[in-house]
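Below is one structure, written out as structure tokens; the observations come after it.
Sequence positions, counted from 1, serve as the residue numbers for this chain.
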Amino acid sequence: MLAMARGWFRRSVFKTIRFLKHPRKLRQSPARRWFARHFLDKRVWKPTQHTLSGGMAVGMFITLQLLPIQMPTAVILSAIFRVNIPIAIAMCWVSNPVTVPFMAWLEYAIGKWVLALYTTVPTSPFPKHLPESMVDAWIVLKEHAPVMLMGGIILGAVAALVSYITTWSCWEIGSRMEVAKKLRDVKAAAV
């Protein structure tokens, strides 16, 4: 029963992809052409050295922005840059309710430090609890949002660069170790 359901699901997915990538359908709609070129490309779903590293970078950048729509933003950016979509989505889960307070504090501190070099920064302290009225919430948001946005962009760019280089290097080391193991096996079989 499970094998039959799996087969049906696989056939329906392939039929849908075939339908969406049909040349006659792609000529009819520019939006469908864009969707097929970015989302139905096998390279954005299979991890390669470039797509995996790029997916990690996009995911790390988006996860440090503290946006309410992180996953859709990560999917769209991954499709535009043609990097691994599932990895970018998974990296969005780094910012969870446990890690958000630390990330928000770090973004605020970095943003305040950078903005202090170029302009004035808010003098009122960051609130420890939510304001009671919408007017107070708007005033706090208006005052502290640019600081957090600047800190998020800087921290996200640094984390994206570090994660791209780290993932690329780990993939390279792993592939070289695999090649060295195959060479040792071939030498051992020849003796």
Where Val114 and Met150 come nearest, the two heavy atoms and their spacing: CG1-CG, 4.2 Å

Hydrophobic cluster identity match, Ile110 and Leu66, side-chain contacts under 4.5 Å: yes

Thr166: partners by side-chain contact (heavy atoms from CB on, under 4.5 Å), with sequence neighbours left out: Val162, Cys170

Cluster overlap Met103 with Val98, hydrophobic side-chain contacts below 4.5 Å: no

Tyr108 with Leu155, same ILVMFWY side-chain cluster at under 4.5 Å: yes

Worked check of side chain to side chain contact (heavy atoms under 4.5 Å, CB included) between Thr51 and Lys46: CA-CA 8 Å; Thr51 61; Lys46 281 176 45 177; over 6 Å; no

For Leu64 against Gly156, the heavy-atom pair lying closest together: CD1-CA, 3.8 Å

Check: Glu107 side chain, Gly151 main-chain N or O, donor-acceptor pair, under 3.5 Å: no

Sidechain-backbone polar pair: Thr119 side chain, Leu115 backbone, donor-acceptor under 3.5 Å: no

Residues forming a side chain to side chain donor-acceptor pair (under 3.5 Å) with Asp185, sequence neighbours excluded: none

Shared hydrophobic cluster for Val100 and Phe102 (ILVMFWY, side-chain gaps under 4.5 Å): yes

Pair up each side-chain donor or acceptor in residues 73-95 with any protein partner under 3.5 Å, not counting sequence neighbours, and list the distances.
unit_1 : atom_1 : unit_2 : atom_2 : d
Thr73  : OG1    : Ile69  : O      : 2.7
Ser78  : OG     : Ala74  : O      : 2.7
Asn84  : OD1    : Ile87  : N      : 3.1
Ser95  : OG     : Thr63  : OG1    : 3.1
Ser95  : OG     : Gln70  : OE1    : 2.9
Ser95  : OG     : Gln70  : NE2    : 3.2
Ser95  : OG     : Cys92  : O      : 3.3

All side chain to side chain donor-acceptor pair (under 3.5 Å) counterparts of Gln49, not counting sequence neighbours: Glu172

Contacts of Thr99 that satisfy side chain to side chain donor-acceptor pair (under 3.5 Å) - sequence neighbours left out: Asn96

Test log, rule side chain to side chain contact (heavy atoms under 4.5 Å, CB included), inputs Arg43 and Thr48: CA-CA 8 Å; Arg43 290 177 288 181; Thr48 62; 5.9 Å; no

Main-chain N/O of Ala160 paired to Ser163 side chain as donor or acceptor, under 3.5 Å: yes

For Lys182, all residues meeting salt bridge (Lys or Arg N to Asp or Glu O under 4.0 Å), sequence neighbours excluded: Glu178

Any side-chain heavy-atom pair of Trp171 and Trp168 under 4.5 Å: no

Atom pair CD1 (Ile173) and CZ (Arg176), whose distance is rounded to the nearest 0.5 Å: 8.5 Å

Cluster overlap Met71 with Val44, hydrophobic side-chain contacts below 4.5 Å: yes

